Amino acid sequence: MACHKFGNWQLFLDEISGECYIGRFGEEFNEADLSEKVRMSDKLFNSRSAAWIEDYLKRQSARVSAKNEENAAEERLKGNKFFQKKQFEKAKACYDQECVMDIENAMRHEYPSELQAKLFVRQAQAYVRLSQPQKAKKCINRCLLLMIFCFDFLLLLNTEKYKKHLQKCQTELEKCVQGTSVTSCASEPVYGFSKTIEQASSSVKLRYTKEKGRYLQVGVAHLALRVILMTSVSELQRFGAHEHFVSEELAGLSDTGVYSRNYTAVYHLLPHNESMLREDLIQYALTAALLLKCLDHTEYFKNHSPDFRFSIGGLLLRHICQLVCNAHAITRLEQGLCSQAVVECQQVRIATAIYPTTSLLNHSCDPSIIARKNELFVRLVKDVKAGEEIFNCYGPHYARMPKKERQEVLQSQYFFKCDCSECTAEEPLENLLKAYRCQKCSHAIISTGTQEVLKCSKCVTMVDMNQLSAAEKQSSDDFMSSLKCLQVEDIDGAIKKLKNSLDIRKMIYHRNHKLLTEAKDALARCYCIKGQFTRAVPLLKDCLLCVETAFGSRSIELANELHKYAEVLVNARKLDEALETVNQSIDILRLNYGPEYSTAKEMEELRSNILKYK
């Protein structure tokens, strides 16, 4: 059998779905309900040379058995049973016990030394949650020794990140020893909880219109499988036996008119399968059929009829379709490489979740809420009047994605054309962030990318695009040369090149242009590396204005930039300005994430240290 057909699910899927699309299968597929679509896909698997799937599943089971010792496997099974009963704390304890056993087993099998630090951190965290402080402390010490004596390059790159995780773990360890809980929860809403929507404030109302569907007012495939496994068989039989047809206005509500966190709410989220491309829906159905084969390797279908199996397949397909439009990304900020005072942070997707209540929120490219953490907390970040709709952002945000790209993503994935304020604005913000500067009056000049000559709309000065393009190329070459200097730790050489690049960009770009901000930030970082913090201050202050223009005065991006600016001010001994900057950052962090947010607490600690030295 060809290599691309053995072990590569996506290539196999593309090939088989392509044949389905052009054949009679596609016509019959269109007319079938969801369960029948999966039945057809399952039959197609059996008629094709897909033996490698069965072989792969068997070999995966063997690999898991080889890696995990018997006790670890028992803990996992116990955890699964507790999870199905929704006894989550007991399930978590079993999973943590399994985690520490698996890690010990990995160490016995000569796990790569450059990756061991990550496992020791994870093991320490598990022991803390299991209230075993001595074992947690031992893991922390093993990790520290590894970082001291191992000179592997990959480990060195991640040393600062591991140290940060260890510091947090040690803090939790101290609380564990003292018998103090390390968990936190969201405070109760000011106006109390809603009687209709269990997770919302009483000021939030559930409304319905034909155009918008259900919405809220003030006053992906593995997750589909998890939704099934978390739901009782009796509940699945009730929904899988036939389609539940209820009015869209009442969909998801219980018999008592309450919208809860339960399978009813998940089931009634819109799957949009009728709007999807046929080739996409065929791939989703084939994926649901594969998930059924995974369940065949368990006892899930024991004592159940084939019809039940395919009803579960139909539900899996429904949830896969729902997740395309309703899944939420779970992210965290991860610290990247460090160079003395310069720290890079980026938001990393770590999981996917489905939140039925939040899925009631319609999209705006300029949302009125922000969501955080694995237990979703939704907070307003702007004033919303009584009767106004609350908006979420489905990903395409006006400050991070051009209008044309936003519209394409929303149409292809969510099947609507966005008409929010940012999409209907006469002059989108994105144009200002890439505008040129009029040499005569400093006004912003917008380019469509096709003109040979630009004209200032204020003073009518003409600008030759050929001259601008030549200047842009020179500034870009200087900027790239500065990065090469940094790679060989030639900081002085990098500063010289960045100054040249910045001088050109100041001349040709409007003050809010993102490339002008990029050059200022890079030059400030170089000054910080050399310990010349006073020189970095005015550059970073300019960057603050640009970040505020691009992302807004209440944005997390501005809070992070303020955090960086405050630390540079402290090192420059400008304590009064640093204190003012810290307070501004704390206000934004609390608005977005609440007072218990870890970064807000870090900023409060920085504020305390500043007050000590003033």
Side-chain angles (χ1 to χ4, degrees), residues 333 336-337 339 341-347 366 397-403 405 422 427-439 442-447 449 468-469 471-483 485-486 491 494-530 532-569 572 577 581 584-585 588:
L333 282 177
L337 298 181
S339 296
V342 182
V343 179
E344 279 282 1
C345 288
Q346 60 180 342
Q347 202 169 35
D366 183 15
H397 193 285
Y398 81 95
R400 304 178 185 93
M401 190 180 292
K403 175 182 173 180
E405 190 176 340
E422 289 299 327
E427 192 63 74
L429 175 66
E430 65 198 71
N431 290 345
L432 185 62
L433 300 180
K434 57 182 182 181
Y436 293 101
R437 172 180 173 270
C438 175
Q439 302 299 304
S442 298
H443 189 65
I445 302 177
I446 309 299
S447 170
L468 286 177
S469 297
E472 282 185 301
K473 184 179 184 308
Q474 183 59 55
S475 72
S476 178
D477 290 345
D478 286 335
F479 189 86
M480 295 306 296
S481 295
S482 74
L483 298 183
C485 290
L486 287 173
I491 309 303
I495 289 175
K496 182 179 178 180
K497 290 295 183 181
L498 283 170
K499 281 183 175 181
N500 292 340
S501 179
L502 181 57
D503 287 342
I504 297 173
R505 292 182 181 186
K506 281 181 178 179
M507 181 178 65
I508 63 175
Y509 292 140
H510 187 256
R511 63 179 178 273
N512 291 316
H513 198 292
K514 57 185 180 181
L515 292 181
L516 185 57
T517 305
E518 174 190 64
K520 289 178 180 178
D521 186 75
L523 184 55
R525 289 166 183 265
C526 288
Y527 283 139
C528 288
I529 292 172
K530 288 181 68 67
Q532 298 174 359
F533 298 102
T534 303
R535 290 190 173 187
V537 167
L539 293 166
L540 291 178
K541 191 170 185 177
D542 286 347
C543 291
L544 283 177
L545 297 174
C546 298
V547 171
E548 184 173 351
T549 300
F551 298 100
S553 60
R554 299 177 175 181
S555 65
I556 288 298
E557 288 83 359
L558 180 59
N560 291 335
E561 197 71 16
L562 287 165
H563 187 173
K564 179 173 69 178
Y565 183 51
E567 291 184 338
V568 173
L569 287 169
E577 191 176 351
T581 303
Q584 187 180 351
S585 179
I588 297 173

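Fair warning: this is a prediction, and the values are worked out from it, not measured in the lab.
For K473, the salt bridge (charged side-chain N to carboxylate O under 4.0 Å, His left out) criterion is met by D477, not counting sequence neighbours. Under the rule for a side chain to side chain contact (heavy atoms under 4.5 Å, CB included), the partners of A550 that lie at least two apart in sequence or sit in another chain are L433. For P538, there are no side chain to side chain contact (heavy atoms under 4.5 Å, CB included) partners two or more places apart in sequence or in a different chain. Scored by the side chain to side chain contact (heavy atoms under 4.5 Å, CB included) test, E557 finds R400, V547, F551, S555 as partners (sequence neighbours excluded).
In this structure, the separation between NZ on K497 and CE on M480 is 13.0 Å, given to the nearest 0.5 Å. For the atom pair OG1 of T581 and NE2 of H563, the computed distance is 11.5 Å after rounding to the nearest 0.5 Å. Residue S481 holds its OG atom at 10.0 Å from CG of L498, rounded to the nearest 0.5 Å. Once rounded to the nearest 0.5 Å, the distance linking SG of C543 with NZ of K564 reads 6.5 Å. A distance of 4.5 Å separates CD1 in I491 from CD1 in I529, rounded to the nearest 0.5 Å. Taken to the nearest 0.5 Å, the CG atom of D478 stands 11.0 Å off from the CG atom of L483.
Residues C528 and A536 share a closest heavy-atom pair of SG-CB, 3.8 Å. Pairing each heavy atom of F479 with each of A519, the nearest pair is CE1-CA, 4.1 Å. When all heavy atoms are compared, the tightest approach of C526 to L486 is SG-CD2, 3.8 Å. Residues L523 and K499 approach most closely at CD2-CG, 4.2 Å, considering heavy atoms. In terms of heavy atoms, I504 sits closest to A471 at CG2-O, 3.4 Å. Contact between L558 and L544 at its shortest, heavy atoms only, is CD1-O, 3.9 Å.
Sorted by first and then second residue, the side chain to side chain donor-acceptor pair (under 3.5 Å) pairs with a member in residues 509-518 read E472-Y509, R505-E518; sequence neighbours excluded. Here side chain to side chain donor-acceptor pair (under 3.5 Å) pairs that include residues 537-549, with residues two or more places apart or in two chains, are K520-D542.
A donor-acceptor pair under 3.5 Å is absent between the side-chain atoms of E405 and the main chain of K403, judged by distance alone. Of the possible donor and acceptor atoms, one in the side chain of S501 sits under 3.5 Å from a partner among the backbone N and O of S475.
A 4.5 Å side-chain heavy-atom check between K530 and I495 finds at least one atom pair inside the cut-off. The closest side-chain heavy-atom distance from L540 to D521 is below 4.5 Å.
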